[in-house]
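Step one of this worksheet: look at the structure below.
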Amino acid sequence: MTVYLLDISQILSYNKSVVGKIRVDIKVSAFVTKKGSFGLNVFASVLSLIAGLGVLMIGMKMLSEGLEKSAGKGMRKMLGKISNNRFAGIGVGAVVTVLDNSSAATTVMVIGFVNAGLMTLFQATSIIMGANIGTTLTGVIIALSGFDIGAYMAILAFIGVAMMMFCKNDTAKKIGYAIAGLGLMYVGLSFMSGALKGSEVLTQALQDTFVAVDFPLLLILIGIVFTALFQSSTAMTALVVTMAAPSAFPPYVSIIPMQSALFIILGTNIGTCITAIIASFGASTNAKRTAVIHLLFNAIGTILFATIIWIFKDGVVWLFNQMTSHTQMQVALFHVFFNVITTLLLTPFIKPLTLLATSLVKERRGGDDEAPHMYFIDDRFLQTPPIAVAQVKREVDNMAAMAKTNLKRAMIAVFTLDLGDREKVERDEHRINYINKGVSKYLIKLSSLQLLRSDEKFVGSLHHVVSDIERIADHAENFMEIATAMKENDCKFTQDAMDELEDMYDKVMAMFDESMYIFANNAVDRLKGFSEREQEVDMTKRLLGNNHIARLNAGGCSVESGTYFYSIISALERIADHLTNIAFSIKSPSGSQREAMEKIADEQKRRTREKRHSGKTLIDAHEDQKDTNKDNTDQKGETDDLRIGEH
């Protein structure tokens with residue numbers, strides 16, 4: 001057996017080039033691996049930042065929807081009592097924006113009101129000022145994440161979901177939805193903060209970027225552009241507040257210096273105006289002026305504050321450092337100061353602002369005011385469903401008023417054969433048809449939104465209501481055609497026929513008023529009496545038909561006039577049927593009397609069962625009342641005796 005001994009040094013000397021090559025390959029492989037993990041790390045941090053921003057915006061939407069559902073009726077009342085008091089307007093704007101969680105949404109809604117002619121420029125300006133104050137609350141809530149309470153606040157998401165799942169009360173569920181949204185906002189902020197803490201390279205790159213663009217006008221432009229892209233000043237404010245926190249890497253300075261953050265916040269206030277300007281496209285002149293006022297308000301404030309900060313930058317930063325050591329809260333407080341001070345400065349100049357906007361946006365010429373259009377509803381209201389529901393109800397009420405006016409004009413024409421209002425009847429008939437189609441489309445859009453349960457039922461019933469109103473208007477148009485034909489053929493009713501027609505017409509018009517009252521006030525207790533009125537009209541129609549036949553047999557009227565007479569009383573009866581459908585729509589979406597009365601009967605049975613289960617029947621309540629009255633009488637007698645004794 002042969003053994004070969006090899007010198008390792010000889011091998012290494014012989015293969016120096018090979019060993020060197022291996023070393024180089026190992027270094028390159030390690031470098032590539034390191035670069036790959038760096039790329040993945042940065043990519044993951046960017047994704048986490050974007051995801052956090054998305055969760056934050058979803059949370060904001062849930063919070064606003066929950067608050068809107070909980071306080072929807074209150075919002076309607078507030079906006080329904082708008083006056084020319086500028087301070088009241090500012091208060092309403094602030095409260096509505098807190099509920100909306102968006103000053104842009106409030107401004108868009110105000111543009112809708114102005115476009116519908118329901119609000120003046122003066123009133124709109126004060127509300128917009130209040131909206132700018134209301135939106136600062138969200139910034140303060142976001143800044144609280146810098147006080148190490150984010151984890152505790154995020155638990156609110158779980159609490160809110162639990163309330164939504166286990167609470168039986170609708171109001172509690174709505175509040176739970178809002179609380180879950182607030183919790184999700186902090187979850188999103190936690191994602192965003194973690195993304196910036198997880199990548200030193202990303203943090204350094206962002207710091208270098210803001211050092212490079214440290215020029216006030218450029219920073220304001222960044223705020224404008226990104227706010228316009230996000231369509232939310234709150235989202236941009238949240239991003240700035242998050243980046244204003246000290247970084248997790250040496251030298252532990254903020255990604256955005258405080259002085260830079262101030263200018264970006266100023267830019268967000270102008271950027272949020274883009275939403276309102278876009279919303280004003282295609283709107284009335286005054287609606288465009290409202291958007292311009294919003295822009296002027298924020299532009300004037302930005303110019304004023306930018307000038308002061310540019311000159312006294314160090315002094316302003318020092319001032320906010322004295323208020324709090326937390327940079328995030330400093331940014332949020334500056335946002336509050338900017339909007340509050342700008343509002344205080346410009347409140348005395350609301351009138352000049354409206355005049356300036358009026359001079360900048362001239363009145364359109366050549367517009368056709370007579371063209372059919374919607375009077376109260378606007379797609380801009382869809383951002384705030386409770387307001388949209390209130391507005392569609394007003395539109396339906398207006399449609400019913402137009403139909404009633406047309407019916408009155410047409411019947412006067414029948415009685416007098418005066419066709420002077422024929423063009424008005426035709427004009428309003430076209431308008432009613434236009435509104436009918438517009439409301440139907442609007443209701444479909446509204447049905448796809450998150451509505452209160454009561455609003456959901458109401459919106460469902462309106463489909464039938466607008467159809468009934470449109471049919472009533474059609475009958476009015478038919479009456480005008482009958483009046484025209486009677487005049488052309490020199491045909492008249494006898495005095496008896498006229499008296500009978502007028503009596504039936506009066507009953508139907510009384511039903512019209514009662515029907516709209518029941519519909520507007522949800523007056524269930526008046527449905528039974530209304531049903532009796534409808535039966536009375538049916539009997540009147542049969543009676544008038546018999547009288548008409550008797551007059552024909554006696555030769556008291558012509559066959560031609562008799563035909564018109566019977567057509568009118570038949571149409572009046574059908575109008576009464578349509579009015580009955582409208583009244584009973586508050587209990588039955590289809591307006592069915594039978595279905596509505598069955599529901600009322602079921603509710604009465606349910607209340608009776610509840611009284612029996614509670615052990616308190618009507619007789620018991622009556623006996624208790626008698627005992628109470630007796631006690632009061634005895635007490636009064638004792639008091640009288642005391643008074644006699646005193647005398």
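Excluded from the calculations below are hydrogen atoms, water molecules and symmetry mates; all remaining heavy atoms, backbone and side chain alike, are included.
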Indicate yes or no for a side-chain donor-acceptor contact from [X] to the backbone of [Y] under 3.5 Å, with no hydrogens or angles considered.
X      : Y      : answer
Arg380 : Ala279 : yes
Thr227 : Gly271 : no
Thr302 : Asn298 : yes
Ser531 : Leu527 : no
Gln391 : Phe376 : yes
Thr342 : Phe338 : yes
Thr136 : Ile133 : yes
Tyr517 : Asn522 : no

Any side-chain heavy-atom pair from [X] and [Y] closer than 4.5 angstrom?
X      : Y      : result
Glu395 : Asn398 : yes
Val465 : Phe458 : no
Met329 : Leu144 : yes
Ile141 : Leu182 : yes
Ile142 : Thr237 : no
His335 : Asn269 : yes
Asp397 : Phe519 : yes
His294 : Thr272 : yes

Is atom CZ of Phe226 surrounded by more than 12 heavy atoms (other residues, nucleotides or ligands) closer than 6.0 Å? no
Roughly how far, to the nearest 0.5 Å, is [atom2] of [Y] from [atom1] of [X]?
X      : Y      : atom1 : atom2 : value
Glu534 : Asn581 : CD    : CG    : 9.0 Å
Ser260 : Ile255 : OG    : CD1   : 12.5 Å
Leu443 : Ser461 : CG    : OG    : 9.0 Å
Arg86  : Ile127 : CZ    : CD1   : 14.0 Å
Arg526 : Ile586 : CZ    : CD1   : 10.5 Å
Met119 : Ile111 : CE    : CD1   : 11.5 Å

Indicate whether the side chain of Thr234 and that of Thr138 have a donor and an acceptor atom separated by less than 3.5 Å. no
Tell me the closest heavy-atom pair linking [X] and [Y], and the distance in Å.
X      : Y      : result
Val240 : Ala261 : CG1-CB, 3.9 Å
Ser233 : Thr135 : OG-OG1, 4.2 Å
Ala124 : Val114 : CB-CG2, 3.7 Å
Thr343 : Met129 : OG1-O, 3.6 Å
Phe230 : Met236 : CE1-SD, 3.8 Å
Leu446 : Ala388 : CD1-CB, 3.6 Å

Partner of Asn115 under side chain to side chain contact (heavy atoms under 4.5 Å, CB included), picked from Asp378, Thr290, Val110, is Asp378
CA sep, side-chain torsions, deciding dist, call: Leu382, Asp379, side-chain contact (heavy atoms from CB on, under 4.5 Å): CA-CA 5 Å; Leu382 293 172; Asp379 283 351; 3.8 Å; yes
Do the ring centers of His373 and Tyr375 come within less than 6.0 Å of each other? yes
Set out, in order, the CA-CA distance, both residues' side-chain angles and the distance that settles side-chain contact (heavy atoms from CB on, under 4.5 Å) for Val389 and Leu451, then state yes or no. CA-CA 9 Å; Val389 172; Leu451 301 175; 4.2 Å; yes
How far apart are the C-alpha atoms of Leu462 and Val396, what are their side-chain angles, what is the distance that settles it, and do they pass the side-chain contact (heavy atoms from CB on, under 4.5 Å) test? CA-CA 8 Å; Leu462 285 182; Val396 172; 4.2 Å; yes
Worked verdict on Val161 versus Tyr177 for side-chain contact (heavy atoms from CB on, under 4.5 Å): CA-CA 7 Å; Val161 170; Tyr177 192 78; over 6 Å; no
